[in-house]
Amino acid sequence: MNILITGGAGYIGSHTCIELLSSGHHIIVVDDLSNSNEMSLERVKELTGRDFIFEKIDIADKKKLEKIFMEQRIDAVIHFAGLKAVGESVAVPLRYYHNNITGSLVLFNLMEKYGVRNLVFSSSATVYGANNQMPLTEEMTLSATNPYGKTKLYIEEILRDLSAANSNWSIALLRYFNPVGAHSSGLIGEDPSGIPNNLIPYVTQVAIGKREYLSVFGSDYETKDGTGVRDYIHVVDLAKGHLKALEEVTRSKGIGAYNLGTGKGYSVLDIVRVFEKIIGRKIPYQLAERRPGDLAVSYADCSKAQIKLNWAAKKDLEEMCRDSWNWQVKNPEGYINQKVGIN
Ligand code: NAD
Ligand code: UD1
C-alpha cells in the first residue's frame, strides 16, 4: 500500500515508518519538523535500506498538503502530526487548537476530496479523563481536562461524525498508553527538546549525568509504594499495532477505538529499580509534590486490540528500559549535530 504518514519524523512515527517499510509498504512522510529532526528519517532509510518521499510541510497548509494528494496515489493515512506537551497546551491553548484541530481538519477535508478514507489516528489514553475504574476499556466515558487532551477528544468526535455521515470512511482511533523505549539499533528514539516532561527520558538523562536527580511527583497516592502507576508500552510494539490497525481499516468500514498498552501497571519506583539494575548504579531521586493533573493509576484493558486487530504487546519493562538507555547512551544529545551512520 501507499501510505501517507503525517508527523512521520517524530518519535512514534519514525518507528512506525520502519515497520511499514520492512513490511513492503510504500510511504510518503509529511512533517513540519516542529518537534523533530530530519535525521530520524535518514536513520529510517539507513535501517531499512528503503527510500521514500519526505516533504517538510505544516499539515494546516492546505495548498502544500493538497499538492501531495494531487501527485501521489494514497491508499491510507496514518495521522501522527500534532503537538503533545500538556503543560505547554495549558499555556498556549490556541497554538494547540490550531495545530492539532485545524491541521486535522485540513487533512480530513483533503482525504474526503480525494477519496482517501482509510485512516489510523493517534489518540491517547488521556481521553479517558480521571473518573473511570481500571483497567480502562474503550467504551468508558471520555473527558479531558487540558487543551492537549481536548484536541484528542475533539478529533475523535469529529471522526465519529465523519464516519456517521459517510459510511465509506474506515477509521481506527488508537489510544496509546505510555510509549517508551527505542529501536533496538539505538539509531532512533525519543528526542525531547529541553527538559523532558515524561518520566523515562528524564530518568535516562539523570542516569547519563545530564540532570542531577529525578523528582518523583507524588509519593502519597493509593498505590503499592505511593508513586504513580502507568501502563508503559515499547514503541516498537506500538508501531506494530499501527500495521495491524491498517489491515483492519482496509478490510472493514466504520470507526473503532483501540487501547494500545500492555495491560500492566508499573510505579515510578518500579522504573527507577529497573534502570538501576540495567545501569548497575543508583539513580538519585527525591520525593516531590504531586504534579497537577496527574492520575494516581492508569492502565489499559487491551483485549479489544487482541481480538479485533490480532495485536498484543510483547516486550517487557526491562526491554523498554534497556532500549531507552541504549538510545540515550548512543545519542547523548539526541539527533543534534549527528551524521548518518556514526554509531
Ligand atoms: P512527536 O512530537 O515526536 O511527533 C509528532 C510529529 O508531528 C513531530 O515530528 C512534529 O514535528 C510533527 N508535527 C506537529 N505538528 C505538525 C504539523 N502541523 N504539520 C506537520 N507535522 C507536524 O510525538 P510522538 O510522541 O511521536 O507522538 C505522535 C502522536 O501520538 C501525537 O499526535 C501525540 O499527541 C500522540 N500521542 C503520543 C503519546 C506519547 O506519549 N508520545 C501518547 C499518546 C498520544
Ligand atoms: C503524560 C501526560 C499525558 C500524555 C502522556 C504521554 C501530563 C499531566 N500527562 O502522562 O497527557 O498522554 O504523558 O506522553 O503531563 N513522573 C515523575 N517525575 C518526572 C516525570 C514523571 O515522577 O520527572 C511520574 C508522573 O507523575 C507519572 C509517571 O511518572 O506518575 C509517568 O509520567 P509521564 O511520563 O509524564 O506520563 P503521564 O503522566 O502518564
Side-chain angles (χ1 to χ4, degrees), residues 5-16 29-38 40-41 55-61 64-65 78-90 95-96 98-100 102-104 106-107 121-128 144-146 148-149 151-152 155 174-180 189-193 195-203 205-206 211 213-219 221 223 227-233 235 238-239 260-261 265-272 285-299:
I5 319 274
T6 76
Y11 173 46
I12 305 166
S14 56
H15 287 83
T16 305
V29 173
V30 297
D31 197 304
D32 65 358
L33 303 180
S34 55
N35 195 41
S36 53
N37 189 304
E38 198 176 339
S40 66
L41 297 174
E55 297 283 353
K56 184 171 179 289
I57 287 176
D58 174 350
I59 56 162
D61 186 334
K64 288 189 180 154
L65 192 60
I78 305 184
H79 179 30
F80 293 105
L83 298 172
K84 63 167 184 177
V86 174
E88 188 184 50
S89 80
V90 175
R95 181 168 177 232
Y96 272 66
H98 172 73
N99 191 78
N100 293 7
T102 311
S104 295
V106 168
L107 174 69
F121 171 62
S122 297
S123 187
S124 166
T126 194
V127 299
Y128 290 113
T145 52
N146 57 68
Y148 164 72
T151 67
K152 292 294 173 194
I155 295 166
L174 301 186
R175 295 178 183 156
Y176 311 153
F177 279 69
N178 288 60
V180 298
E190 187 171 12
D191 184 18
S193 53
I195 301 170
N197 295 311
N198 297 118
L199 178 64
I200 302 285
Y202 206 99
V203 170
Q205 291 199 5
V206 171
R211 319 241 162 238
Y213 61 88
L214 170 73
S215 294
V216 176
F217 297 147
S219 53
Y221 287 114
T223 60
T227 68
V229 167
R230 295 291 182 275
D231 185 340
Y232 298 94
I233 171 168
V235 67
L238 188 65
L260 298 188
Y266 290 100
S267 73
V268 176
L269 294 181
D270 286 334
I271 301 286
V272 170
Y285 69 83
Q286 290 186 5
L287 302 179
E289 292 297 302
R290 292 181 180 190
R291 181 172 62 180
D294 268 1
L295 298 176
V297 180
S298 168
Y299 60 92

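When a ligand or atom number is given, it counts from 1 through the structure's own listing order. All residue numbers refer to positions in the sequence shown, counting from 1.
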Pull out every atom of ligand 2 sitting under 4.0 Å from any heavy atom of Asn197, numbered as shown with elements. 20 (C), 35 (O)
Donor-acceptor contact below 3.5 Å, side chain Asn198 vs main chain Ile200: no
For atom 27 (C) of ligand 2, the closest protein heavy atom turns out to be Arg230 NH2, 3.7 Å
Just distances here: any N/O of Arg291 and N/O of ligand 2 closer than 3.5 Å? yes
Within the 4.0 Å heavy-atom cut-off, what Asn178 brings close to ligand 2 is side chain
Short version for Tyr266: what comes under 4.0 Å of ligand 2, heavy atoms counted, is neither
Are Glu88 and Arg95 ion-paired here, with the side-chain N under 4.0 Å from a carboxylate O? yes
So is Val268 polar-close to ligand 2, meaning N/O to N/O under 3.5 Å? no
Quick one: ring-ring contact (aromatic ring centres under 6.0 Å, His included) partners of Phe177, sequence neighbours excluded? none
Which segment of Ile271 sits under 4.0 Å of ligand 2 when only heavy atoms are counted: neither
According to ring-ring contact (aromatic ring centres under 6.0 Å, His included), who are the partners of Tyr11, at least two apart in sequence or on a separate chain? His15
Under 4.0 Å from a heavy atom of Val216: give me the atoms of ligand 2 that qualify, with their elements. 22 (O)
Closest heavy-atom pair and its distance - Gln205, Pro192: NE2-CG, 4.4 Å
Verify, without hydrogens or angle tests, whether Thr227 (side chain) and Val268 (backbone) share a donor-acceptor contact under 3.5 angstrom. yes
Val235 and Glu190, any side-chain heavy atoms less than 4.5 Å apart: no
Nearest neighbour in protein (non-hydrogen) for atom 31 (C) of ligand 2: Tyr232 OH, 3.4 Å
Please confirm whether Gly149 comes under 4.0 Å of ligand 2, counting heavy atoms of the residue only. no
Return the closest protein heavy atom for atom 11 (O) of ligand 2 as residue, atom name and distance. Val86 CG2, 3.2 Å
What protein heavy atom sits nearest atom 34 (O) of ligand 2, and how far away is it? Leu199 N, 2.9 Å
Counting only heavy atoms, which portion of Ser215 has something under 4.0 Å from ligand 2: side chain, backbone, both, or neither? backbone
Mark yes or no for whether Asn100, through its side chain, and Leu83, through its backbone, hold a donor-acceptor pair below 3.5 Å. yes
Atom 12 (O) of ligand 2: which protein heavy atom is closest, and how many Å away? Ser124 OG, 3.4 Å
re atom 23 (O) of ligand 2, the protein heavy-atom contact at minimum distance is Phe217 CE1, 3.5 Å
Specify the closest pair of heavy atoms between Pro201 and Pro196, including all atoms of both residues, with the distance to one decimal. CB-CB, 3.7 Å
May I ask you to test the Tyr128-Leu295 pair for a side-chain heavy-atom distance under 4.5 Å? no
Based purely on interatomic distance, does Asp294 place a nitrogen or oxygen under 3.5 Å from a nitrogen or oxygen of ligand 2? yes
Using heavy atoms and a strict 4.0 Å limit, residues surrounding ligand 1 turn out to be Gly7, Ala9, Gly10, Tyr11, Ile12, Asp31, Asp32, Leu33, Ser34, Asn35, Ser36, Ile57, Asp58, Ile59, Phe80, Ala81, Gly82, Lys84, Asn99, Ser122, Ser123, Ser124, Tyr148, Lys152, Tyr176, Pro179
Check whether Ser267 reaches the backbone of Gly228 with its side chain - one donor and one acceptor, N or O, closer than 3.5 Å. no
State, yes or no, whether a side-chain contact exists between Leu269 and Tyr285 at a heavy-atom distance under 4.5 Å. yes
Quick one: look up the protein heavy atom nearest atom 14 (O) of ligand 2 and list residue, atom name and how far away it is. Asn198 ND2, 3.6 Å
Restricting to ring-ring contact (aromatic ring centres under 6.0 Å, His included), what partner residues turn up for Tyr176, sequence neighbours left out? His242
State whether any protein heavy atom lies less than 4.0 Å from atom 4 (C) of ligand 2. no
Is there a donor-acceptor pair under 3.5 Å between the side chain of Asn178 and the backbone N or O of Arg230? no
Exam field: side chain Tyr299 to backbone Tyr266, donor-acceptor pair closer than 3.5 Å: no
